[in-house]
Amino acid sequence: MDNDLLQRLLRTDCDLTRPIPPGAVFGTLGSEEDLRAAEGLAEMAYPPVSTRHEGCEFDPATRELRARVWGKAYLAEDGVYLAPTWNISEDRMLLTLEVDQLDCMGQEISVERLMEGMPKALAGLELDPQPLAEALEQARRTGSYVFVALLRGLFPEPGIDGHLDLLLREEQRVGTLREDGSMDYRERGGLHFVSPGDPLAELHPPLPGTPGFDIFGETVTPREPKEAKVRIGKNVVAAPGPEGVTVFSAAAKGVFHFRNNTLEVSELLEINGDVDLGTGNIRAQHGGVHVKGAVRSGCTVEAQGDVIVDGLIEEADITAGGLVVSGGVLMNGRNRIRAEGNVAAKFFQNAIVEAGGDVVAQLEISHCQITAGGDVTVLGPRGMIRGGHVVSGGNIVAQTLGNEARSATIVEIRPSNSEEKELIEQRGGLTEELERMDAALGDEDAIATLMAAPEEDRRILAELIKARGKLQGEVRALDVRILEQRQVLRERLAALHVRALRRVFSGVEVIIMGKRLSVTTDLEAARFRRDLDTRTIVME
């Protein structure tokens, strides 16, 4: 509230911009009739003295306001209050004082007056008067008030959270795609070959902090450091190391992964050449497959882990419980790549790809049917998505969308929330059970049904009614959680986009959660996103 009203509310000879000493009468309130007639004050309750603060007291007989502490007068929505000039921070780590040369009655403020008016809560604290004297001198010299820190606590030293250090060496990197479509295993990060006994990571325990103390000498405990959460997956062993460190090593030859806080080595079956009629189909019941050549037309490779192909995948079916990496994918529109993890290749042509994670290409995704749980990116210098239908649970980013031939190209963002799906499935099961109970109990009021039942059936009916009530409560709780997950998905959707870093050709259709936008003219670099307020796709 405007504090100019304070002067109209109080009858006072005091300068209310100055500190008010304890015990001083700093004003007298008018009558309730005066208050009702005053502009801007008529709506206030009488007496207009804030009950949320204890800085001043009101005498109903004399209508005087008297200060309890050193403070400054202000007017809030519920009335006058005194804000103390002595101030203890909420964490009790700092004591400050607002110092002025004169009080509200024009009397000089001294160190002795300030110390005598120190709040009772500070009794027993040993304060150095020197900072007060210096602050008063500065206030006299400058003609304005000064804030001075009188006591400081000692903040605790925080502990160090536990953490995981990966120990992989440069020579363990798997490789990258060469310009000719083959794999260069000495340049690619993210995938690492390991052998039994190779150290993978070190888990360091949390280290405790050092306590501090507040201005009253009370101990301030530091935050408890957190342990790093790491799970051991397949083919990884743990052993104790020095100073509480846990050392993780490979127990088999394969490819190392660290994902979802889990250390894992995916075993590899090595094929020294092509997968073709000579080798027959490859089905690895355990681990992954490393094909050092190509996978030829008509063949199948299945693995519980990763599938790494140095050369091309040509009109073949690939199924991987992990990721799929290939020099290139050249299909006929009928064969399929399925992977629970990411799928990466130099290019994809006429391919059907279903990836639980990201789909990454270097050169192009051409006339493909792509479904990715994560992002779809084509970020090489000529990276292009042309023709076909690309569906992503995350972002879609390429240098170019569409082509000069105006091939029908659909890029679609369709995020999903697996937790919401699980909750909906749980709700469906509970609803079916409720329907069975409702059929057994009928449409009558539960109490009426219970009272009308024979004596020998009442206990069973009571248990059934109780169970139904519990199920109804569980359904309501699931409804709340489903709404929460939908809000999570909505917030995630707001950040997702389709982006062309260079060009978008006409003929491209952008779909984001069911909303469509057809590009009718060629565009330079553009970004498309869903506006949650207008429920439309906007281009930036």
Side-chain angles (χ1 to χ4, degrees), residues 155-176 185-212 219-270 284 286-290 303-308 320-325 339-344 355-358 360 373-375 394 418-419 422 488 492:
F155 283 94
E157 287 289 335
I160 300 175
D161 291 340
H163 61 281
L164 184 75
D165 288 339
L166 298 181
L167 305 177
L168 298 163
R169 303 186 301 275
E170 284 293 317
E171 61 267 24
Q172 290 174 326
R173 291 186 177 181
V174 172
T176 191
Y185 281 96
R186 293 193 176 276
E187 296 299 330
R188 183 178 178 83
L191 298 177
H192 298 80
F193 278 141
V194 294
S195 299
D198 282 350
L200 303 176
E202 289 181 344
L203 178 62
H204 294 261
L207 299 177
T210 304
T219 299
V220 179
T221 304
R223 175 185 66 83
E224 192 72 24
K226 298 178 181 178
E227 291 188 6
K229 295 181 179 180
V230 178
R231 293 189 292 268
I232 299 176
K234 295 182 296 183
N235 301 313
V236 174
V237 294
E243 300 181 355
V245 173
T246 302
V247 180
F248 300 99
S249 302
K253 184 177 182 180
V255 174
F256 169 69
H257 296 288
F258 178 56
R259 53 196 175 197
N260 299 324
N261 291 324
T262 301
L263 298 160
E264 179 178 295
V265 173
S266 174
E267 292 182 72
L268 285 177
L269 168 64
E270 292 189 349
H286 304 284
V289 175
H290 177 197
Q304 296 296 314
D306 306 323
V307 174
I308 300 172
L323 54 82
V324 173
V325 177
E340 292 186 16
N342 299 341
V343 177
D358 301 337
V360 181
D375 296 339
S418 58
E419 187 168 344
E422 291 176 5
V488 168
R492 179 185 169 207

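- Contact check for His257 versus Asp306: side-chain heavy atoms found under the 4.5 Å cut-off.
- The closest donor-acceptor contact from the side chain of Asn342 to the backbone of Asp358 lies under 3.5 Å.
- Shortest non-hydrogen contact noted between Ala303 and Gly287 is CB-O, 3.7 Å.
- Minimum heavy-atom separation, Pro222 to Pro211: CD-CA, 3.7 Å.
- Separating the CD atom in Glu264 from the NZ atom in Lys234 is a distance of 5.0 Å, to the nearest 0.5 Å.
- Between the Asp161 side chain and the Lys226 main chain, a donor and an acceptor come within less than 3.5 Å of each other.
- Going from atom NZ of Lys229 over to atom CG of Asn261 covers 8.5 Å, rounded to the nearest 0.5 Å.
- When all heavy atoms are compared, the tightest approach of Gly159 to Pro225 is C-CB, 4.2 Å.
- Put simply, CG on Leu207 and CD on Glu157 are 13.0 Å apart, with the number rounded to the nearest 0.5 Å.
- Residue Leu263 comes nearest to Val236 through the heavy atom pair O-CG2, 3.6 Å, listed as atom of the first residue, atom of the second, then distance.
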Identify every side-chain donor-acceptor pair in residues 241-254 under 3.5 Å, counting partners at least two apart or on other chains, and give the distances.
none

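- Remark: the backbone N or O of Glu202 is not paired with any side-chain donor or acceptor of Asp165 at under 3.5 angstrom.
- Using a 4.5 Å cut-off on side-chain heavy atoms (C-beta onward), Val325 and Val343 make no contact.
- The side-chain heavy atoms of Leu167 and Leu200, taken from C-beta on, include no pair separated by under 4.5 Å.
- Looking at heavy atoms from C-beta onward, Asp198 lies out of side-chain contact with Phe256 at the 4.5 angstrom threshold.
- Residues Gly322 and Ala339 come closest through the heavy atom pair O-CB, 3.6 Å.
- Annotation for Glu227: atom CD does not count as buried by contact number, only 12 or fewer foreign heavy atoms lying within 6.0 Å.
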